[in-house]
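Remarks on the structure that follows.
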Amino acid sequence: MKRVIAIIKPHKLEEVRESLMEIGISGMTVSDVKGFGIQKGHTETYRGAEYKIDFLPKIKLEIVVKAKILNDCLDVIIKVAKTGNIGDGKIFIDNIEKVIRIRTGEENELAL
Amino acid sequence: MKRVIAIIKPHKLEEVRESLMEIGISGMTVSDVKGFGIQKGHTETYRGAEYKIDFLPKIKLEIVVKAKILNDCLDVIIKVAKTGNIGDGKIFIDNIEKVIRIRTGEENELAL
Amino acid sequence: MKRVIAIIKPHKLEEVRESLMEIGISGMTVSDVKGFGIQKGHTETYRGAEYKIDFLPKIKLEIVVKAKILNDCLDVIIKVAKTGNIGDGKIFIDNIEKVIRIRTGEENELAL
Amino acid sequence: MEELQSGSNVFFVLIGATMVLAMHAGFAFLEVGTVRSKNQVNALVKIITDFAISTIAYFFIGYSFAYGFDFFVGAEVLAEKNGYELVKFFFLLTFAAAIPAIISGGIAERAKFYPQLIASFFIVALIYPLFEGIVWNGNFGVQDFLKHTFGFAFHDFAGSMVVHGIGGWLAFGAVILLGSRIGKYSKDGEVTTHPPSSVPFLAIGSWTLAVGWFGFNVISAQSVDAVSGLVAINSLMAMVGGIIGALIFGKNDPGFIHNGPLAGLVAVCAGSDIMHPLGALITGLIAGFVFVFFFIQTQNKWKIDDVLGVWALHGLCGVWGTLAAGIFGLKIFAGLGGVSFVVQLIGALSGIVLALIGGFVVYGILKQTMGIRLSEQEEYEGADISIHKISSTSDI
Amino acid sequence: MEELQSGSNVFFVLIGATMVLAMHAGFAFLEVGTVRSKNQVNALVKIITDFAISTIAYFFIGYSFAYGFDFFVGAEVLAEKNGYELVKFFFLLTFAAAIPAIISGGIAERAKFYPQLIASFFIVALIYPLFEGIVWNGNFGVQDFLKHTFGFAFHDFAGSMVVHGIGGWLAFGAVILLGSRIGKYSKDGEVTTHPPSSVPFLAIGSWTLAVGWFGFNVISAQSVDAVSGLVAINSLMAMVGGIIGALIFGKNDPGFIHNGPLAGLVAVCAGSDIMHPLGALITGLIAGFVFVFFFIQTQNKWKIDDVLGVWALHGLCGVWGTLAAGIFGLKIFAGLGGVSFVVQLIGALSGIVLALIGGFVVYGILKQTMGIRLSEQEEYEGADISIHKISSTSDI
Amino acid sequence: MEELQSGSNVFFVLIGATMVLAMHAGFAFLEVGTVRSKNQVNALVKIITDFAISTIAYFFIGYSFAYGFDFFVGAEVLAEKNGYELVKFFFLLTFAAAIPAIISGGIAERAKFYPQLIASFFIVALIYPLFEGIVWNGNFGVQDFLKHTFGFAFHDFAGSMVVHGIGGWLAFGAVILLGSRIGKYSKDGEVTTHPPSSVPFLAIGSWTLAVGWFGFNVISAQSVDAVSGLVAINSLMAMVGGIIGALIFGKNDPGFIHNGPLAGLVAVCAGSDIMHPLGALITGLIAGFVFVFFFIQTQNKWKIDDVLGVWALHGLCGVWGTLAAGIFGLKIFAGLGGVSFVVQLIGALSGIVLALIGGFVVYGILKQTMGIRLSEQEEYEGADISIHKISSTSDI
Ligand SMILES: Nc1ncnc2c1ncn2[C@@H]1O[C@H](COP(=O)(O)OP(=O)(O)O)[C@@H](O)[C@H]1O
Ligand SMILES: Nc1ncnc2c1ncn2[C@@H]1O[C@H](COP(=O)(O)OP(=O)(O)O)[C@@H](O)[C@H]1O
Ligand SMILES: Nc1ncnc2c1ncn2[C@@H]1O[C@H](COP(=O)(O)OP(=O)(O)O)[C@@H](O)[C@H]1O
């Protein structure tokens, strides 16, 4: 099984989730993260002193999928999360050796 | 070394941590995440308009362990985190190539 | 490509980020996590009842890098994030199979 | 003895002014709690600076326009009779400054900052005092005319129409000219809900307003020997009616329940000095319903993005209260009499017309000239970062 | 002149009523800050709707039960003497409505919503006015009997027993019948601590209560010529005593320190008009200790899950204050005299018995009929989502 | 009649005392909102316990030092004339207790807890009453001397110098002796900015202070027949001037804008009874500028880590206001006259000297003996955990 880790812009989350459901992905885990990259942060000021906010709010999606639907999954994310502006984010793919569903003890593809 | 990533219900964290300590696991990293899966979210209403909260609060545990205690570790998590209800969560296992302890520079099993 | 996951003390984030930029790393993803390890938490009291706060605030850095600059990257983190006190944190390294830049569709090293 | 009398009056009106001043904090927090976190700072800054600009506008122009009294004499003249005229100005200023505070809640989350300050200036210097002077100072002989023609003057004891109605209907124009927040209504007709960033802050706003309102209403007597416990209890009963109305019709939604008392209090201003407490209770109950019903209509059906629902709250409940004074103020409903429903209706309609015209003119001109709306990017980032260069909370 | 007199009295009592009205916001925020985040909205809604229901109950039933005065005459009769009787009702209502507000803090985080509204109704319509009328209106000749028998009537100037004692002991029954929150006490006897969701909100509650209390106590004189600076300074000294007591005995815990002033103020109500300031200081110090000690006992030793500690705060400090009036009010302690310790003890005990019976009966019947507790699932999700369908804060 | 008179005075002063008591909550929240989250609880606890300790110090020592009046007689003596002397004490105590509350904001985030309580005690028992007694009670014949020599006494109606100036300059010594927060200024000269943890809490503090200030200033008349509407309107105009000044010079920063009204109000205390409203407006505008300019200087240029900017706010705006009374109070500026600029300057300078010496002595001795600063580890963890063993908010 493969794990897709997608860093996306926060306001894209809803749309991405819906599109992924359409191709049959039934679960995902999401976290609020802060990203740093080519996209620059912004400067805030407090009482005459400036300070840089380097990190921007991003959403991290983690989706473990059967290898065979990996490409569909990637296509969907790229299509939906893309705005064309700097900071749209990245997708990282790695390998997952084993999955277990805690409730039933089912393993691997059965657990997804 | 193996990494165990467990998505569990928030109120199970304390118990899982304690049980893991009992089998000799000395460290872990925890984050607040939002999960989407078979378990449904809930509907909130604000001034006459409904909106769905699709994501549920979950806890993500990351534990890097020596391969030989992997199974003990999995057993403990499954046993303790299970309530039998939908949404109990999943465990993902993958491989870690190298571990370093920042304080000492120790590597791999020594660093755990 | 390799992924470096570093758990560090929160007040080290700024310095680590700056040092990593100096060696040419252009992006990273950061999350607030809670860590448990040899370093102990603290006890809080509320109205005569004590309760332990076992988890300490930590920062998790995720940096995907080309394999060839992996070692530079590790050196920098170890050097900068080290205070010599318990709880400085760990670095985990694993493998990333594929990287995609959502904005352009570029892949792998080009996407970093 | 005379000094005790005049000192007591100054004290009385001062307390009223201070209580209504505090209500401005209430307006600020009602907005802070209701908007999204990225617009909280802007809500706070808007209200306090609007208050400052309103003071300037009313001190230099508005008050003399309405009451023919100005402050350009030596301090020793102003200080006569314990400076009663000065606290009266202070008290009435806090009413005048409520107008921009009302509007603020409608245009939240997308309006530019400085154009709003300019709008506040003109509204408090000219539009509000025009109606205020006609109703409360008998300017232009309109009240005399009404009395002569219908037997009764237009009755608006503490400003259901003069303050709240005018504020709410001015806001209506501003809201329409601004347009809805980005993403609020999607092309396919769906409504996105923005739940309140903080119910506790919203509740602080509500409580501060409700408590201060007893100054707003009761101290409108403007002298201690004219104070009326009837006004107090009617305010209480209308407030309670509004809470219960919002609880029932609003399905236990905290956003409605914390606006309920305000709806009741808006509605009771006009007739609080002449209604029976039971009349006030009913007035409040109906106001609670009016607010809930029309808030849902505007936001979710008609897709008018009045963020805090100030048109429903101040505009409609204000009109309802103006009419209610002409009903429950009548002797047949155990009121004190001295009002006519027809005259109340005329008063309400005139106020609506004036405020609609005023709102569309002021905000229309500003829209054509400086623009009144943040850029898309600024709105997306939030007014806090884009206008004030800071976020509401920080964990650094 | 007479108008100045009667107007001043109305103004005086109105300010008192408004200050005690504001205390209800204080009750709300003390609870908001103390409970877990998932129950904050419910705390807010409970207090404001309880206030509304209490007004209805007291207006239609309770007040005439206690004082034999009703409002079913024309407004022109009510408006006589500047409507003094009406503001007096308003003032006393804010006391009556404090009873459900007190109970609310004890039953937080697990009580059903509507049954609590019903309980509030019956308590404010019947139970509270029964005791109030006996003590403050001489009903049923009980005070006369005490005076005749012991030489002195039962002395409770501003309600240590009539309000706080009754409220706290009513809450005791409700808390016992409800049972503790899920997970609070584990089978193996361990106590789980729920730290306050927000110390700042808790502190807003505490300050709002403390400041308003000067209206509660001082304005209990009910006419401006009877006002007593002694009541003010005694309230101050007891408040300060309570803070210092809680600081010392509570080990610098912000939860204790912000309840300390309230403990002192609860205790000083009864005798604030007759104690010497030093007596009040000691009364407050001891109240601070009483609260800290018994809070820890109930929550951590006896495992009675009184969330905000309202039994310790209002029930016990109320009783302590009632007795303290019979000590420090005596002339030998530099007080003004006119009290008897024995009579104070009798008064306190009667109040306890009445409130215990009342609480167990009202909540017992509700428990048998509608149920008073949320389902396990609802409690786990939190009262905000399960009752009000919304969370306290949102970042959408 | 006499009772109405004396009762009215007691009521009047009581309301003032209560309003200034509420300002202490304002001090607390201004600090809560401005400091980092890990120091919020400490801000709250410091203010409330400082208030308690100040009461003890002023009741037993300070007040009789300043006014020669003590409380060690029976309650029946104290209760005479409706206990007017007692509420006067209460009112003046709330001023005295403002001194530690002012200092608290300067030393935030790194000061030890108990040494600060001790400092508060000595300051309120001795240093403040020394200056207060000289200025407001004619002690040591200083005012007589000034009058004799220069024709006019030192004029400080409501305490620009007596309260705010003294507080701000005492804080200066404390801040210098404490040193800056860890990490605030790096070795290579860079300044780290700590943005406010919560702008809404900061704003609650600001509003609470601003509203209460109308009690602080107007009720300084101390009897209802001496009340002056001029004081009210001047406070209003200076407040508004301060807001506008801070808006313009502070570049729309919410931290400045919410301190602007306070700057104006600090400055107007001294001359609010004698200035023309336009003079007050200018005084406020300049105060807004003074605060913004010197805050930036101290924090960012001179690297003096006065966290809330209390030296700029109270110290400098206090001095400015003292001088402004000697300018805009003059008849040529349409004021009421009776002041001399030279005398005002002398008064301000004496206050500065006294407070500087006092601050360095008190905090210097404490530094040498108990230490006044948290350990590095404690400061890093935050005052909330290290002193109070709890965090400000919790999600458990
Ligand atoms: N090397 C990296 N490792 C981990 N995360 C990265 C890396 N580079 C970028 N990111 C994440 O991707 C986000 C977007 O990257 P950025 O370079 O700003 O824009 P783009 O992806 O459009 O080129 C960043 O905010 C960060 O969260
Ligand atoms: N494919 C997936 N990838 C990543 N996380 C998942 C995936 N499926 C489920 N999860 C996580 O596991 C949680 C529980 O899953 P759910 O399907 O609701 O219940 P169960 O595990 O009991 O079948 C989800 O809330 C989500 O956080
Ligand atoms: N086995 C582990 N798996 C995942 N994270 C760990 C593990 N052990 C430690 N950590 C993380 O590293 C942090 C520091 O570890 P700790 O043992 O306290 O100190 P040190 O790394 O200095 O020996 C922990 O707070 C936790 O976040």
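Sequence lines set the chain letters: A, B, ... in the order given, protein chains first and strands last, and positions in each chain run from 1. All values below come from the heavy atoms of this structure, side chains included, with hydrogens, waters and symmetry mates left out. Keep in mind the model is a prediction, meaning the values are calculated, not measured.
Between chain D and the residues E:Thr208, E:Leu21, E:Ile387, the largest count of heavy-atom pairs under 4.5 Å involves E:Leu21. Among the candidates E:Gly7, E:Ala22, E:Ser6, the residue making the largest number of heavy-atom pairs closer than 4.5 Å to chain D is E:Gly7. Ranked by heavy-atom pairs under 4.5 Å with chain D, the first of E:His24, E:Glu85, E:Met19 is E:His24. Taking D:Lys251, D:Met275, D:Met237 one by one and counting their heavy-atom pairs under 4.5 Å with chain E, the maximum is reached by D:Met237. With respect to chain D, the highest number of heavy-atom pairs below 4.5 Å among E:Val87, E:Thr55, E:Ile48 belongs to E:Ile48. Interface remark: of the candidates E:Ile53, E:Leu4, E:Ile15, E:Thr49, E:Leu4 forms the most heavy-atom pairs closer than 4.5 Å to chain D.
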Intermediate values then yes/no, side-chain contact (heavy atoms from CB on, under 4.5 Å), D:Asp225 and E:Phe11
CA-CA 9 Å; D:Asp225 44 84; E:Phe11 177 40; over 6 Å; no
Applying side-chain contact (heavy atoms from CB on, under 4.5 Å), run through D:Val199 and E:Val32 and close with a yes or a no.
CA-CA 10 Å; D:Val199 176; E:Val32 165; over 6 Å; no
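Interface residue E:Gln40: only side-chain heavy atoms are found under 4.5 Å from chain D. When heavy atoms are compared at a cutoff of 4.5 Å, E:Phe12 does not approach chain D at all. Heavy atoms of D:Met239 lying under 4.5 Å from chain E belong exclusively to its side chain. Heavy atoms closer than 4.5 Å to chain E are found in both the backbone and the side chain of D:Val227. With a 4.5 Å cut-off on non-hydrogen atoms, D:Leu230 touches chain E through its backbone and its side chain both. Using a 4.5 Å cut-off between heavy atoms, D:Ala246 makes no contact with chain E at all. Only the backbone of E:Val73 comes within contact range of chain D, with heavy atoms under 4.5 Å apart. For a residue to count as touching a neighbouring chain, one of its non-hydrogen atoms must lie under 4.5 Å from one of that chain's; by this rule D:Ile204 touches chain E with backbone and side chain alike. Residue E:Ser54 does not touch chain D at all, counting heavy-atom pairs closer than 4.5 Å.
With 3.5 Å as the limit, one finds no donor-acceptor pair spanning the side chains of E:Asp395 and D:Ser197.
Partners of E:Ala52 by side chain to side chain contact (heavy atoms under 4.5 Å, CB included), not counting sequence neighbours, listed by chain and number: D:Val240, D:Ile243, D:Ile244. With sequence neighbours excluded, the residues satisfying ring-ring contact (aromatic ring centres under 6.0 Å, His included) with D:Phe91 are D:Phe95.
Closest approach of E:Ser394 and D:Ser37 over heavy atoms only: O-OG, 3.9 Å. Nearest approach of E:Asn82 to D:Val224, heavy atoms of both residues: ND2-O, 4.1 Å. Across all non-hydrogen atoms, the minimal contact from D:Pro254 to E:His388 is CD-CB, 4.1 Å. Considering every non-hydrogen atom in both D:Pro277 and E:Leu78, the closest pair reads CD-CD1, 3.6 Å. In plain terms, the two heavy atoms of E:Phe201 and D:Pro200 that are nearest each other are CZ-CB, 3.5 Å. Taking each heavy atom of D:Pro196 and E:Ile390 in turn, the nearest pair found is CD-CD1, 3.8 Å.
Remark: E:Phe122 CZ is loosely packed, at most 12 non-hydrogen atoms of other residues, nucleotides or ligands lying under 6.0 Å away. Within a 6.0 Å radius of CD in E:Glu3, no more than 12 heavy atoms belonging to other residues, nucleotides or ligands are found. Within a 6.0 Å radius of NZ in D:Lys81, other residues, nucleotides and ligands contribute 12 heavy atoms or fewer.
The closest donor-acceptor contact from the side chain of D:His276 to the backbone of E:Phe72 lies at 3.5 Å or more, if one exists at all.
Note that CZ of E:Phe90 is 9.0 Å distant from CD1 of D:Ile233, once rounded to the nearest 0.5 Å. Rounding to the nearest 0.5 Å places CD of E:Gln5 at 10.5 Å from OG of D:Ser8. Within the model, atoms OG of E:Ser392 and CG of D:Leu202 stand 10.0 Å from one another, a figure rounded to the nearest 0.5 Å. Remark: D:Ile257 CD1 to E:Leu44 CG distance equals 10.5 Å, nearest 0.5 Å.
Considering only heavy atoms from C-beta on, D:Leu247 comes within 4.5 Å of E:Leu117 through its side chain.
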